[in-house]
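Report on the structure given below.
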Amino acid sequence: MHKDAAISKPGPDISVNLGGLWMKNPVAAASGTFGYGFEYQDYIDSASIGAVIVKGTTLEKRVGNPPPRICETAAGMLNAIGLENPGVEVFVTEYLPRLRQHGVTVVANIAGNTVEDYEHTAAIIDKQSGVAAIELNISCPNVKQGGLQFGTDPAMVEAVVAAVKARTSLPVIPKLSPNVTDIVTIARAAQRGGADALAMINTLLGMAIDIKTRRPVLGNVFGGLSGPAIKPVALRMIYQVYREVDLPILGGGGIVNTADALEFIMAGATAVSIGTGLFVNPTLPAELSLGIKQYLTEHGLDKIGDLVGAAHRF
Amino acid sequence: MHKDAAISKPGPDISVNLGGLWMKNPVAAASGTFGYGFEYQDYIDSASIGAVIVKGTTLEKRVGNPPPRICETAAGMLNAIGLENPGVEVFVTEYLPRLRQHGVTVVANIAGNTVEDYEHTAAIIDKQSGVAAIELNISCPNVKQGGLQFGTDPAMVEAVVAAVKARTSLPVIPKLSPNVTDIVTIARAAQRGGADALAMINTLLGMAIDIKTRRPVLGNVFGGLSGPAIKPVALRMIYQVYREVDLPILGGGGIVNTADALEFIMAGATAVSIGTGLFVNPTLPAELSLGIKQYLTEHGLDKIGDLVGAAHRF
Amino acid sequence: MPAVEKALVAAHQEVAQGLYEIEVLAPQIASGARPGQFVHVRPGGTSDPLLRRPLSLYDVDQELGSITLLYKVVGRGTELLSRVKSREYIDMMGPLGRGFTLPQTGQSILLIGGGVGIAPLIYLARVLKAQDCTVQAAYGAASLQDAAVYQRKFQQLGIEAWPATMDGSLGYQGTVVGLLHQMAPAIKIDMIYTCGPEGMMKAVTDYAQSHQIPGEVSLEETMACGVGACLGCARKLKPEDADYAKVCKDGPVFSMDLMA
Amino acid sequence: MPAVEKALVAAHQEVAQGLYEIEVLAPQIASGARPGQFVHVRPGGTSDPLLRRPLSLYDVDQELGSITLLYKVVGRGTELLSRVKSREYIDMMGPLGRGFTLPQTGQSILLIGGGVGIAPLIYLARVLKAQDCTVQAAYGAASLQDAAVYQRKFQQLGIEAWPATMDGSLGYQGTVVGLLHQMAPAIKIDMIYTCGPEGMMKAVTDYAQSHQIPGEVSLEETMACGVGACLGCARKLKPEDADYAKVCKDGPVFSMDLMA
Ligand SMILES: Cc1cc2nc3c(=O)[nH]c(=O)nc-3n(C[C@H](O)[C@H](O)[C@H](O)COP(=O)(O)OP(=O)(O)OC[C@H]3O[C@@H](n4cnc5c(N)ncnc54)[C@H](O)[C@@H]3O)c2cc1C
Ligand SMILES: Cc1cc2nc3c(=O)[nH]c(=O)nc-3n(C[C@H](O)[C@H](O)[C@H](O)COP(=O)(O)OP(=O)(O)OC[C@H]3O[C@@H](n4cnc5c(N)ncnc54)[C@H](O)[C@@H]3O)c2cc1C
Ligand SMILES: Cc1cc2nc3c(=O)[nH]c(=O)nc-3n(C[C@H](O)[C@H](O)[C@H](O)COP(=O)(O)O)c2cc1C
Ligand SMILES: Cc1cc2nc3c(=O)[nH]c(=O)nc-3n(C[C@H](O)[C@H](O)[C@H](O)COP(=O)(O)O)c2cc1C
Ligand code: FES
Ligand code: FES
């Protein structure tokens with residue numbers, strides 16, 4: 001796809017404003033599944049995607065978990081990558097300039113083990129041009145709180161969001177962990193912290209056992225479950241949060257086709273993200289944008305906003 | 001299968017003692033998926049199953065939720081039956097005598113909306129002969145606590161388990177809800193309440209949207225996700241609880257074949273339960289018992305106990 | 001005799017666009033299978049799609065032990081099923097449910113079908129003929145191609161059948177309900193059996209009830225177990241009913257008296 | 001040219017028990033595909049199995065735009081794949097990964113394969129022959145039937161090949177590592193390429209390193225994306241390495257120098 005050929009047909013408006021993050025279409029590549037946007041360049045043009053959420057970035061380089069890091073499950077997969085990444089400095093000096101030059105809508109995804117980690121990483125990214133928003137991966141252990149995950153505790157969620165907001169003028173989008181009793185409480189805490197939008201959901205914590213070796217399959221024992229298997233849980237949480245919290249939602253978890261994406265939008269997602277679905281079908285972002293546009297046209301709708309949360313209005 | 005023909009081949013011992021519930025083999029039919037044990041009689045003999053956990057029973061009759069009550073999802077299904085059942089009196093007068101006469105290992109599954117509901121239901125069941133244990137479905141809203149689910153709050157879990165224990169001498173097996181931040185805390189609360197064993201997991205809360213009608217598919221909006229999709233989450237929770245809590249576990253969630261059952265046993269389950277898998281394959285209980293026996297024989301193990309929790313020993 | 005069988009596919013063909021006829025050998029299921037009952041078929045061997053799919057008995061040859069099904073490809077399950085080849089096996093469970101109540105011998109019966117809902121009426125027609133009933137059929141088909149399939153089948157059974165197509169390409173132009181109102185007054189009807197889209201069955205029930213003709217309908221509902229164990233296929237037959245019927249076990253055939 | 005293609009199946013057959021050869025038309029993927037690279041194949045259209053399966057280029061005809069794969073049925077994905085019929089399409093992505101480094105023309109090359117790991121060595125052999133290398137091959141096969149498939153293929157390419165079978169039913173009796181130690185000292189070897197079970201490749205690497213012969217290995221790891229995006233296929237090449245290599249992108253072919 002050549003950029004000078006990127007002439008859009010007239011028709012329904014599928015661009016969205018996700019809490020200050022402008023997306024030319026409502027499809028984002030999920031963090032950790034699309035690398036830095038170049039790995040898939042032979043298959044899809046990153047600049048054509050609504051937003052590319054790059055691999056989770058930490059203050060310092062991380063080598064990641066010992067293998068095996070992934071394993072397939074019924075209609076899903078487990079991953080325990082362990083946040084392998086070269087650190088924020090390498091990201092901003094090596095990857096970001098190329099992304100910027102290529103015209104990619106970049107969302108940085110940051111992770112850390114202390115509030116300070118998040119703050120410093122956010123501050124470094126904030127100084128750069130070419131980042132459109134910051135997504136906060138809060139499914140990380142807070143080492144100062146005995147390893148309790150940030151994302152499972154409302155007070156910690158509020159604190160980390162507020163700390164990052166104080167360091168950047170970019171839209172801040174915390175990505176909620178689904179491994180909680182009450183997702184609405186967590187979403188409200190994120191809102192109090194100043195979140196501009198919410199990303200949901202991250203992976204469900206799961207595991208698999210190899211009956212031949214009688215050991216956990218993953219080097220890390222536990223891993224994150226993604227893919228179609230988790231779609232019903234993702235939809236439920238988005239539906240619950242849409243009803244109670246007034247923030248735009250980037251919805252995902254198991255999307256592999258247009259019908260899935262429409263379910264998320266009707267549940268309350270302003271835009272959608274795809275992760276595991278990209279592995280199965282690298283041209284999925286383009287297919288979804290086209291499919292959503294087609295659906296709007298067929299149903300006489302002018303803009304995607306008319307469909308957001310539709311399942312609540314009956 | 002005729003009962004007088006039920007001569008077991010010698011070989012590894014696959015009988016288990018689940019906290020006082022003796023099972024001739026380690027496979028239970030999960031509550032709500034096997035009715036009262038007679039619905040499947042043309043396909044499998046209930047008396048041949050390790051334990052038949054009958055449909056959730058409440059103090060009073062319930063008519064259940066409006067349809068649609070079920071819907072298929074990727075490698076899983078959602079259900080929102082709404083605990084339709086004729087009430088405990090009908091259960092003990094109409095169904096239980098038939099089950100007793102037929103030699104079925106019956107586990108009653110009880111549910112309620114107040115601690116008193118559980119107490120009264122348990123007390124009625126305790127007076128009957130022919131019930132081998134009581135499973136407590138605690139994935140129910142506690143109406144006295146603003147509808148918060150019993151199973152999501154440690155104090156309520158402890159209270160309801162203790163209250164039921166006080167009313168019965170039967171083994172009491174609370175069935176944990178997976179929709180919680182920290183399953184170990186819940187398991188510990190159940191133990192404090194006096195649980196004899198733990199059943200895990202109940203369904204994950206999910207939903208689906210019909211993009212044609214733009215409405216939730218289920219009449220009840222939300223439903224419980226079961227089937228292979230949830231297996232990684234079930235295994236993870238069982239693995240976590242086995243490590244921290246010294247109670248036997250009835251493990252299930254997505255089991256559809258022998259390899260799945262072995263994973264659960266290696267994660268720490270003393271016995272396994274199958275629900276959705278029965279819909280796909282009504283003869284699964286017999287297949288699993290046979291498959292587990294075969295595995296033990298092939299690996300020179302005398303009894304199933306040798307395999308329980310094997311994935312923790314490496 | 002109810003069973004789960006690996007049924008050998010004897011013949012499988014696309015008889016009209018997206019409409020398939022499959023004949024399998026399933027002697028246990030075939031023996032004692034009654035019109036209006038259904039089988040529960042597992043499409044594919046993996047976990048997606050997961051659940052079995054209910055399909056009506058379209059025809060049964062109890063001597064040969066064969067069962068024929070007629071199905072429309074509407075989603076993944078039926079699509080996977082359509083790819084099964086002759087000589088392969090499919091996993092089938094049944095017969096399930098409560099079939100049609102058979103009338104006394106020699107009565108005059110009207111069958112009213114809509115689309116692939118005609119399937120159970122075919123096997124019913126064969127049994128009714130065998131007990132010397134006078135059987136007539138009215139049905140609606142989505143296309144001329146579909147109509148040709150149904151018409152041929154009714155003809156083979158020696159049954160007088162009136163097609164209705166929306167474009168009038170075969171028989172009455174319009175819906176089968178329109179056709180019913182046109183033809184029914186002129187013929188003797190002791191009993192009506194109907195299967196097809198909800199709206200159609202509602203209209204047929206209204207007609208039957210207003211003319212004091214007894215009748216039965218065959219309903220559909222999403223199913224998991226198929227045997228009454230999961231309580232998933234619930235249906236409130238009349239708005240004033242307190243309880244929900246289970247389509248798989250209490251039905252799929254219900255007396256029109258039970259319906260609103 | 002890397003692409004996701006709907007590849008038309010031109011031929012598909014079981015060449016030995018559980019061992020299949022499939023030839024597809026995938027002109028985009030074929031053009032520029034190099035030995036040692038692989039394709040990512042989607043087995044079936046539903047969500048279970050979900051991920052693509054990596055399979056090596058067994059042979060490529062760039063003029064025809066065809067790709068041939070050789071695979072063993074080991075699980076659900078390969079089982080589903082084995083059911084695809086000629087004239088149907090499979091969803092294929094590639095070519096992926098870093099292939100074998102080609103030696104200078106005219107060199108003496110030894111290929112060492114184990115089981116279906118022989119697959120990438122066949123396409124490599126074809127290319128090496130085309131650049132006038134002297135190519136010899138030693139391989140281990142699980143059965144006489146399997147060995148016959150490999151032997152025929154090497155013969156077609158005009159390559160001298162030594163089989164090893166555990167029961168001695170064809171060639172050397174024992175493992176290919178035993179065979180290597182027996183034959184290698186007698187022949188001139190400028191470079192070794194190997195693919196097969198881990199233990200075998202380790203032994204071959206040890207042999208090559210102790211004899212100062214340069215060489216390359218082709219590794220396997222469970223994969224999701226196949227392009228270096230997910231970081232799932234991590235492998236620590238030497239215990240002292242700080243970082244993990246990504247088999248899909250940094251490999252699957254690695255220099256023996258990088259290995260322990
Ligand atoms: C008693 C009974 C008898 C039937 N007999 C026939 C028949 O003879 N021929 C025929 O073509 N069809 C028949 N059907 C309908 C048939 O079961 C569905 O078309 C089929 O299950 C759809 O499966 P799918 O995977 O292709 O579609 P899906 O992708 O699952 O869904 C497509 C549509 O089918 C509906 N559906 C999905 N699963 C079920 C289910 N388990 N039960 C009912 N509906 C479902 C969905 O609501 C959706 O609207 C019958 C249904 C019932 C209940
Ligand atoms: C670069 C590369 C090239 C390969 N080339 C060939 C080839 O030419 N011919 C051939 O027969 N096989 C080849 N393989 C192995 C092949 O990919 C696996 O046999 C196949 O993925 C198994 O899929 P399955 O669904 O049948 O088995 P599964 O049911 O998924 O599992 C069976 C076994 O295969 C392994 N496996 C599962 N998924 C993957 C995956 N995505 N990647 C790697 N291993 C997996 C599992 O660990 C398990 O041990 C290659 C693997 C790689 C990494
Ligand atoms: C291999 C892999 C790596 C991931 N890495 C990250 C990450 O670094 N940061 C993050 O916030 N989420 C990460 N995720 C979660 C995804 O972004 C996404 O939220 C999740 O996979 C659910 O969506 P899906 O079902 O569409 O994949 C990762 C997921 C996968 C499969
Ligand atoms: C249709 C249906 C009805 C159920 N009803 C009950 C119930 O009444 N009480 C209960 O404790 N669990 C109930 N469950 C949960 C199952 O017992 C089981 O815990 C769950 O389905 C997960 O196991 P599975 O994946 O093997 O089905 C029900 C599940 C299904 C699918
Ligand atoms: S489908 Fe289970 S009760 Fe009818
Ligand atoms: S498979 Fe994704 S990085 Fe290798």
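First the proteins, then the strands, lettered A, B, ... as listed; each starts at 1.
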Most contacts with chain A, counted as non-hydrogen pairs under 4.5 angstrom, among B:Pro232, B:Ala234, B:Ala310:
B:Pro232
Among A:Leu205, A:Leu78, A:Leu262, A:Val256, single out the residue with the greatest number of heavy-atom pairs under 4.5 Å to chain B.
A:Leu205
List the atom of B:Ala208, the atom of A:Leu235, and the distance in Å for their closest heavy-atom pair.
CA-CD1, 4.2 Å
Most contacts with chain A, counted as non-hydrogen pairs under 4.5 angstrom, among B:Cys71, B:Ala74, B:Pro178:
B:Ala74
So which N and O atoms of chain A and chain B form donor-acceptor pairs under 3.5 Å?
unit_1   : atom_1 : unit_2   : atom_2 : d
A:Thr181 : N      : B:Thr181 : OG1    : 2.9
A:Thr181 : OG1    : B:Thr181 : N      : 2.9
A:Thr181 : OG1    : B:Thr181 : OG1    : 3.2
A:Leu205 : O      : B:Arg236 : NE     : 2.9
A:Leu205 : O      : B:Arg236 : NH2    : 3.2
A:Met207 : N      : B:Pro232 : O      : 3.0
A:Ile209 : N      : B:Glu263 : OE1    : 2.8
A:Ile211 : O      : B:Tyr295 : OH     : 3.2
A:Arg214 : NE     : B:Tyr295 : OH     : 3.0
A:Arg214 : NH2    : B:Tyr295 : OH     : 3.4
A:Pro232 : O      : B:Met207 : N      : 3.0
A:Arg236 : NE     : B:Leu205 : O      : 2.9
A:Arg236 : NH2    : B:Leu205 : O      : 3.2
A:Glu263 : OE1    : B:Ile209 : N      : 2.7
A:Tyr295 : OH     : B:Ile211 : O      : 3.2
A:Tyr295 : OH     : B:Arg214 : NE     : 3.0
A:Tyr295 : OH     : B:Arg214 : NH2    : 3.4

Ignoring hydrogens, what is the shortest heavy-atom contact between A:Ala311 and B:Pro216? Give both atom names and the distance.
O-CD, 3.6 Å
Hits for side chain to side chain contact (heavy atoms under 4.5 Å, CB included) against A:Ala195, two or more places apart or cross-chain, chain-then-number order -> A:Val161, A:Pro174, A:Ala190, A:Leu198, A:Leu247
B:Val280: partners by side chain to side chain contact (heavy atoms under 4.5 Å, CB included), with sequence neighbours left out:
C:Arg42, C:Leu50
Among residues at least two apart in sequence or on other chains, which ones pass side chain to side chain contact (heavy atoms under 4.5 Å, CB included) with B:Ile230?
B:Ile201, B:Leu204, B:Leu225
Per-residue contact mode, A:Leu307 against chain B (heavy atom under 4.5 angstrom)
side chain
What part of B:Val221 is in contact with chain A, defined as an atom under 4.5 angstrom from a non-hydrogen atom: side chain, backbone, both or neither?
side chain
Considering only heavy atoms and a distance below 4.5 Å, find which of A:Gly254, A:Ala267, A:Gly223, A:Gly206 pairs most often with chain B.
A:Gly206
Contacting moiety of B:Ile211, where chain A heavy atoms sit under 4.5 Å:
both
